[in-house]
Amino acid sequence: MSRRSKPAKRIPAPDPVFNNVDISRFINRLMRRGKKSLAERIFYSTLENIKTKTKDEPLEVFQKALTNVTPLLEVKARRIGGSTYQVPLDVKPDRGMALGSSWLIESAKKRSGKSMVEKLTAEILDASNGNGAACKKREDTHKMAEANKAFAHYRA
């Protein structure tokens, strides 16, 4: 393990349209093979679709979806005395947002639909309503942490 100090946390530049760092992080997660303009086009088209479908502010719907998907607890495997235990840990806000956004994108990709814009729109709308695959993933993670609460004393 390195004895040097930890590197400074990099914060991406806020996105050009909404001036929001969370959106910038989400777009960076959505990006594949360095094609940022394509990821931005997909995301902003998704927000336009949300606006036409719900008549609500799309940024609020997105923030609500991200909040509903962000986990508060997770389990981490720890090896103690030859046995491996699933130890429940609290999730830091940055890691929670990272997990939530990657789960949103992952579950949108698995959906059936024509384009990524339509799939992401449907997943964000479902997540903002509290259902959908990404919300189910969060619930499963919380259930796993709750089930292994007995091993909480093994926390590092």
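- No path of Ile, Leu, Val, Met, Phe, Trp and Tyr side chains, each step under 4.5 Å between heavy atoms, connects Tyr85 with Val75, placing them in separate hydrophobic clusters.
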- How far apart are the C-alpha atoms of Lys114 and Lys119, what are their side-chain angles, what is the distance that settles it, and do they pass the side chain to side chain contact (heavy atoms under 4.5 Å, CB included) test? CA-CA 8 Å; Lys114 291 186 176 162; Lys119 295 193 264 189; over 6 Å; no
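- Using bins of under 30°, 30° to 60° and over 60° for the plane-to-plane angle, the ring pair Tyr44/Phe18 lands in the tilted bin.
- Hydrophobic cluster membership differs between Met31 and Leu120, with clusters built from Ile, Leu, Val, Met, Phe, Trp and Tyr side chains linked at under 4.5 angstrom.
- Summarising the geometry, atom CD belonging to Glu139 is positioned 11.0 Å from atom CG belonging to Asn131; distances are rounded to the nearest 0.5 Å.
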- Stepwise side chain to side chain contact (heavy atoms under 4.5 Å, CB included) test for Thr141 and Leu73: CA-CA 7 Å; Thr141 305; Leu73 295 169; 6.0 Å; no
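- Nearest heavy-atom pair, Ser107 versus Ala134, reported as atom, atom and distance to 0.1 Å: OG-CB, 3.6 Å.
- Of all non-hydrogen atoms in Met97 and Thr70, the two that sit nearest each other are SD-OG1, 3.6 Å.
- Considering only heavy atoms from C-beta on, Ile23 comes within 4.5 Å of Phe43 through its side chain.
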- Please step through side chain to side chain contact (heavy atoms under 4.5 Å, CB included) for the pair Gln86 and Lys76, ending with a clear verdict. CA-CA 5 Å; Gln86 296 289 327; Lys76 191 171 188 179; over 6 Å; no
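- Asp15 places a side-chain N or O within donor-acceptor distance of the main-chain N or O of Asn20, the cut-off being under 3.5 Å.
- Going from atom NZ of Lys53 over to atom CD of Glu48 covers 13.0 Å, rounded to the nearest 0.5 Å.
- Between Arg95 and Glu74, at least one side-chain N (NZ, or NE/NH1/NH2) sits under 4.0 Å from a carboxylate O, which counts as a salt bridge.
- Atom-to-atom distance recorded for Arg111:CZ and Glu106:CD is 14.0 Å, nearest 0.5 angstrom.
- Contact between Trp103 and Lys137 at its shortest, heavy atoms only, is NE1-CE, 3.3 Å.
- There is a path of hydrophobic side-chain contacts, each under 4.5 Å, that joins Val17 to Leu59.
- The shortest non-hydrogen separation linking Gly100 to Pro71 is N-CD, 4.3 Å.
- Atom CZ of Arg78 is separated from atom OG1 of Thr84 by 11.0 Å, given to the nearest 0.5 angstrom.
- Here the side chains of Asp90 and Leu72 are not in contact, with every heavy-atom distance at 4.5 Å or above.
- Side chains of Glu118 and Thr46 form no contact here, defined as non-hydrogen atoms less than 4.5 Å apart.
- In this structure, Ile124 CD1 and Gln63 CD are separated by 10.5 Å, a value rounded to the nearest 0.5 Å.
- Using modelled atom types, one finds a donor on one side chain and an acceptor on the other under 3.5 Å when comparing Ser101 with Arg29.
- Side-chain heavy atoms closer than 4.5 Å link hydrophobic residues (I, L, V, M, F, W, Y) into clusters, and following such links, possibly through other members, connects Leu38 to Leu104.
- In this structure the side chain of Arg138 reaches within 4.5 angstrom of the side chain of His142, judged on heavy atoms.
- Residues Met144 and Asp140 are not in side-chain contact: their nearest non-hydrogen atoms beyond the backbone lie 4.5 Å or more apart.
- Among all heavy-atom pairs drawn from Asn68 and Asn129, the shortest one is ND2-N, 4.5 Å.
- The closest side-chain heavy-atom distance from Ser24 to Asn28 is below 4.5 Å.
- Nearest approach of Arg10 to Arg25, heavy atoms of both residues: O-NH2, 4.4 Å.
- The number of heavy-atom neighbours closer than 6.0 Å to CD1 of Ile80, taken from other residues, nucleotides and ligands shown, is above 12.
- Here the side chains of Ile42 and Leu30 are in contact, with some heavy-atom distance below 4.5 Å.
- Atom-to-atom distance recorded for Lys109:NZ and Glu123:CD is 13.0 Å, nearest 0.5 angstrom.
- When the side chains of ILVMFWY residues are joined at heavy-atom separations under 4.5 Å, either directly or via intervening members, Val87 and Val91 end up in two distinct hydrophobic clusters.
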